[in-house]
Number of protein chains: 2
Amino acid sequence: MMPFKEMARLDKLIHEPARLSIMSALEACSMAEFLFLQELTGLTKGNMSSHLSKLEKANYVLIGKSFLRKKIPQTTIQITPTGSQALIEYWKQIDHIREITKQWSQETSIAFPG
Amino acid sequence: MMPFKEMARLDKLIHEPARLSIMSALEACSMAEFLFLQELTGLTKGNMSSHLSKLEKANYVLIGKSFLRKKIPQTTIQITPTGSQALIEYWKQIDHIREITKQWSQETSIAFPG
DNA sequence: TGTATTTAGTTTATAATGCAAACTAGTTAA
DNA sequence: TTAACTAGTTTGCATTATAAACTAAATACA
């Protein structure tokens, strides 16, 4: 297949920058609180919340709600094995795309020099 | 800055997969015809056309219209120096993000082992 | 005690965007 | 002469990212 068609297959759930940053942060922390994650990513609360919902729906993250000292609500987020795998796949695909694009570029410059 | 905030700054004009494939293809070819580019990327004509318009508006590509044997319209597309630079910057930023994310990940696992 | 503010999120409304179907304008075929 | 093809553009629709508005509970303070 032509290398460029491969880009259309990138996992859009991960590709979106806000979610890519969430997923990357979660891959680094084994578990993160909502507010900590918000600070790391710089997203607004509403934005965080809706992106997390999408990731949860895809089973990329696990969201746990509990209460601190039985009072203050605390939401914790973990990446799931599915999510972790998807992130790895995503970067692998990015690498592959860059590699074959570079190859194709070289072949083209040989075929049509100057 | 936290690494994850950097993702929000990715050039969205290039980040979008359809346009990333257009830009990558154009970086490889010095000049491409509309239909050739369409075949390379697998995009529909309508889709190609609107993405190219956006890239043109940003001065990332140069679009030339001419007529083959004075009859058949032929659109040729070239990447501009601005576009080429933007693409290079984009990949540089991706690399940087991955690097600092990896670093941050290591630091975190030292700070919070287990 | 009551009311004002803060905290921790969720829901809603909006604006932007990607996408292909429908359209345009010209060419060739039957 | 009308039907079908070519090379693209425009339009309308569905999806999506975003922040503002909202909810529900806890605390401050007067």
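Proteins come first, then strands; the chains are lettered A, B, ... in the order of their sequence lines, and each starts at number 1.
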Practice problem: Please report, rounded to the nearest Å, how far the C1' atom of D:dC5 is from the CG atom of B:L35. | Solution: 13 Å

Quiz item: Any side-chain N or O of B:R19 less than 4.0 Å from the OP1 or OP2 oxygen of C:dG18?
Solution: yes

Self-check item: Rounded distance in Å - CD (A:Q38) to C1' (D:dT18)
Solution: 13 Å

Exercise. With sequence neighbours excluded, tell me which residues meet side-chain hydrogen bond (donor to acceptor under 3.5 Å, both in side chains) with B:E56.
Key: none

Practice problem: Keeping the roles fixed (side chain from B:S53, backbone from B:S49), state whether a donor-acceptor pair exists under 3.5 Å. | Solution: yes

Practice problem: Between C:dC19, D:dA17, D:dT9, spot the one nearest the side chain of A:E16, thanks. | Solution: D:dA17

Quiz item: Expressed in angstrom and rounded to an integer, what is the separation of B:L55 atom CG from C:dT17 atom C1'?
Solution: 14 Å

Exercise. Answer yes or no: is there an ion pair linking B:K92 with B:E89, defined by an N-O contact shorter than 4.0 Å?
Key: yes

Self-check item: Value in whole Å for how far the C1' atom of C:dT10 lies from CD of A:E56
Solution: 13 Å

Quiz item: CD1 of A:I14 versus C1' of D:dA17: gap in Å, rounded?
Solution: 17 Å

Quiz item: Under 4.0 Å: is that the gap between some side-chain N or O of B:K65 and OP1 or OP2 of C:dG26?
Solution: no

Quiz prompt | Spacing between B:K57 atom NZ and D:dT9 atom P, to the nearest angstrom | solution = 13 Å

Exercise. In whole angstrom, give the distance that lies between atom CD of A:Q74 and atom P of C:dT10.
Key: 13 Å

Quiz item: Between A:T75 and C:dA8, is there a side-chain N or O to OP1/OP2 distance below 4.0 Å?
Solution: no

Quiz item: So, does A:E16 use its side chain to make a donor-acceptor pair with the main chain of A:A18 at under 3.5 Å?
Solution: yes

Quiz item: Toward the 5' end of DNA chain C, which comes first, A:K12 or A:E33, by nearest nucleotide?
Solution: A:E33

Quiz item: Starting at CD1 of B:I63 and ending at P of D:dA7, how long is that distance when rounded to a whole Å?
Solution: 17 Å

Self-check item: Close residues, residues 40-54 of chain B, relative to DNA chain C [heavy-atom separation under 4.0 Å]
Solution: B:T44, B:G46, B:N47, B:H51, B:K54

Self-check item: Whether over 12 other heavy atoms sit under 6.0 Å from A:E39 CD
Solution: no

Quiz item: NZ of B:K57 to CG of B:L13: how many Å apart, nearest 0.5 Å?
Solution: 10.5 Å

Quiz item: Checking side chain to side chain contact (heavy atoms under 4.5 Å, CB included) against A:I77, which of A:L52, A:I22, A:L62 comes through?
Solution: A:L52

Exercise. Without swapping roles, check the side chain of A:S84 against the backbone of A:T80 for a donor-acceptor pair under 3.5 Å.
Key: no

Exercise. Using a strict 4.0 Å threshold on nitrogen-to-oxygen distance, state whether A:R98 and B:D95 make a salt bridge.
Key: yes

Practice problem: Would you mind reading off the bend of the helix from C:dT1-D:dA30 to C:dA30-D:dT1 from its two end axes, five pairs each, to 10 degrees? | Solution: 30°

